[in-house]
Amino acid sequence: MDDARDPSPAPETPGKDFIREILDEDCRTGKHGGKVATRFPPEPNGYLHIGHAKSICLNFGVALEYGGTCNLRFDDTNPLKEDVEYVDSIQEDVRWLGFDWDGRLFYASDYFGKLYEFGETLIRTGKAFVCDLSAEEVRKTRGTLTEPGRNSPYRDRPAEESLDLFRRMRSGEFPDGSRTLRAKIDMASPNINLRDPALFRIRKATHHRTGDAWCIYPMYDYAHAISDWIEGITHSLCTLEFEDHRPLYDWCLEALDLSNRPRQIEFARLNLTYTLLSKRKLLHLVTGRHVRGWDDPRMPTIAGLRRRGYTPEAIRDFCDRIGLAKRDSVVEVELLEHCLREDLNRRAPRFMGVLDPLRVVITNLPDGRVEELDAVNNPEDPAHGTRKVPFAREILIERDDFREVPPPKYHRLSPGQEVRLRWGYIIRCREVVKDPATGAITELHCTYDPATRGGDTPDGRKVKGTIHWVSAAHGLPAEVRLYDRLFSTPNPDEAPAGKDFLANLNPESLVVRTGCRVEPALAATKRGDFFQFERLGYFTVDPDTAPGGLVFNRSVSLRDSWAKIEKKSRAGA
Ligand code: ATP
Ligand code: MG
């Protein structure tokens with residue numbers, strides 16, 4: 001890995017990022033007994049996306065590196081938005097990325113009882129009170145960034161009274177939104193999060209795990225700090241938007257006088273050009289049917305990337321390369337594509353497939369004769385071996401690889417000219433056959449030069465172009481889906497006045513090609529396989545594939561635009 005070449009946010013310290021430096025220091029000084037215990041805490045209100053992969057690679061990664069542990073914990077404190085479908089998909093995605101929580105799977109809802117008890121403790125010690133203000137009234141008395149807030153009239157009610165009301169809140173006596181349990185901190189604090197924030201609210205909703213056992217639910221900051229403590233987390237790694245919440249995180253642990261407190265450390269979240277990384281907006285794309293689902297190959301979700309043909313190796317490599325910073329920045333999506341290309345270039349077997357077939361009759365090859373040509377499976381790795389490709393009188397080439405009137409420097413096929421068939425012979429175009437009614441080209445008649453098997457020219461003549469092809473009698477029919485970016489602008493959130501991100505959807509983000517033909521070796525291909533179609537890109541098998549109906553997704557094209565970006569940024573540096 002060569003960090004210096006990446007114009008993406010480089011780690012702030014060369015070599016080690018600032019989080020690993022803190023971990024080194026804590027291990028050296030024996031803080032937390034030299035232990036490293038992290039957690040990945042998704043809220044099960046959507047599918048994981050590539051931003052979450054950064055957090056997963058960090059949390060599970062440092063646990064592995066430091067001989068520690070990483071818990072998977074569902075932050076399921078909001079019953080209205082959460083669903084088991086998400087709980088299941090999140091587990092599948094973390095595993096697929098290559099990480100294991102080793103049986104340490106937890107839910108914030110496991111701790112509802114403890115969280116409630118701690119609520120009573122805070123009331124008894126005068127650190128929390130039940131407030132009868134409505135959400136609207138709380139908002140009005142909260143103050144602003146420049147003005148302090150005002151104390152709730154219920155702030156000084158006796159602890160006994162708050163305790164009684166808190167118990168009755170729990171038993172379901174009061175309607176939603178009528179009361180909250182609030183921390184008693186400081187309504188004049190410059191940090192608005194410390195202005196007597198709510199710790200519990202009433203919400204009479206069925207929870208996907210606890211059912212109707214609870215009608216009060218803990219708020220995120222409170223639940224998060226206590227859950228970390230219960231699990232013995234040492235380093236609670238989260239994204240920068242929680243920096244202002246850290247004083248509240250710490251307050252919760254101090255107010256309860258808990259020892260062995262976890263430490264919260266914030267890092268910059270991943271932002272990617274041409275990509276939205278907000279579960280709320282991704283959900284909107286799904287429910288509004290702008291995509292086919294959470295796993296649509298155009299989605300930046302782990303499920304979408306997997307279906308698109310991304311490998312866990314490529315995603316982990318990407319997360320390594322972007323590093324960790326304390327300032328927000330935007331990473332070019334081309335880097336992600338580059339990581340996939342690098343991985344697949346090493347590992348993907350090569351095949352031939354024709355997306356838009358044009359029939360070619362080799363007139364000097366007898367009907368019925370089939371030659372088995374030798375093809376190299378992966379020029380990057382001889383261990384992949386070779387395969388046989390059938391060559392017969394009728395073959396299919398890409399319609400775009402023929403021009404009746406070739407432009408200058410066109411090295412593919414044109415009338416009277418020669419081209420090389422990949423792994424095959426050199427052919428010359430003798431005749432163009434057209435539909436007399438429409439004038440459209442229906443087939444080409446060519447001759448092949450039997451002395452050029454494998455593509456060599458014994459007489460030394462130069463043939464510049466090489467094109468891919470498939471035997472018409474042997475090629476398998478297939479549907480091929482070509483993807484482009486889901487959004488056509490680098491920052492999809494930047495929409496014209498009065499519009500939202502949907503205005504930036506790219507209408508060409510999916511092009512479906514039917515009537516494609518691929519070489520017969522692909523008959524046995526199955527879901528999860530990846531390969532290159534020579535000259536076209538890297539592809540994978542889509543789960544829509546059924547017996548007799550192959551469906552392929554293009555994962556990424558062959559052209560590497562990252563190299564260009566890198567060069568530009570180096571020139572600018
Ligand atoms: P979203 O903003 O997409 O709704 P979230 O932060 O609400 O995401 P959570 O389920 O709470 O989603 O996230 C779980 C963990 O993943 C959190 O620790 C969060 O900080 C981290 N995370 C979320 N988005 C990113 C991102 N873009 N880059 C890095 N980490 C992220
Ligand atoms: Mg969140």
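For ligands, and for the atoms within them, numbers begin at 1 and follow the listed sequence. Given the structure is predicted, the values throughout are model-derived calculations rather than measurements.
Considering backbone and side-chain atoms alike, His49 places an N or O below 3.5 Å from some N or O of ligand 1. Geometrically, ligand 1 and Ala268 share no nitrogen or oxygen pair separated by less than 3.5 Å.
Every atom of ligand 1 is numbered from 1 in the order shown, and the set under 4.0 Å from a heavy atom of Ser55 is 16 (O), 21 (C), 30 (N). The contact set between ligand 1 and Pro42, taken as ligand atoms under 4.0 Å from a residue heavy atom, comprises 10 (O), 14 (C). With ligand atoms numbered from 1 in the order given, ligand 1 contributes 19 (C), 20 (O), 29 (C), 30 (N), 31 (C) to contacts under 4.0 Å with heavy atoms of Thr239. Proximity to Glu43 (heavy-atom distance under 4.0 Å) selects the following atoms of ligand 1: 9 (P), 10 (O). The ligand atoms of ligand 1 that sit less than 4.0 angstrom from a heavy atom of His52 are 8 (O), 9 (P), 10 (O), 12 (O), 13 (O), 14 (C), 16 (O), 22 (N), 23 (C). Atoms of ligand 1 found under 4.0 Å from any heavy atom of Lys279 (numbered from 1 in listed order, with element): 1 (P), 3 (O), 4 (O), 8 (O), 9 (P), 10 (O), 12 (O). With ligand atoms numbered from 1 in the order given, ligand 1 contributes 3 (O) to contacts under 4.0 Å with heavy atoms of Ser278. Using a 4.0 Å cut-off to heavy atoms of Leu277, the atoms of ligand 1 that qualify are 3 (O).
Screening residues 177-186 for salt bridge (Lys or Arg N to Asp or Glu O under 4.0 Å), with sequence neighbours left out, gives Asp132-Arg179. Under the salt bridge (Lys or Arg N to Asp or Glu O under 4.0 Å) criterion, the residue pairs touching residues 101-116 are Asp110-Arg209, Lys114-Glu117, with sequence neighbours excluded.
A cation-pi arrangement is found for Lys326 relative to Phe18, the charged atom lying closer than 6.0 Å to the ring centre and inside a 45° cone about the ring normal. Cation-pi geometry between Arg170 and Tyr116 is met: the NZ or CZ atom falls under 6.0 Å from the ring centre, inside 45° of the normal.
Residues Phe166 and Phe200 place their aromatic rings such that the two centres sit under 6.0 Å apart. Ring centers of Tyr249 and His245: at least 6.0 Å apart, outside the cut-off.
At a heavy-atom distance under 4.0 Å, no atom of Arg280 approaches ligand 1.
Note: Phe112 and Trp214 have perpendicular aromatic rings, judged against thresholds of 30 and 60 degrees for the angle between ring planes.
Of the candidates Ser236, Gly51, Cys238, Gly51 brings a heavy atom nearest to atom 26 (C) of ligand 1.
With contacts defined as side-chain heavy-atom distances shorter than 4.5 Å, the pair Arg306/Glu92 qualifies.
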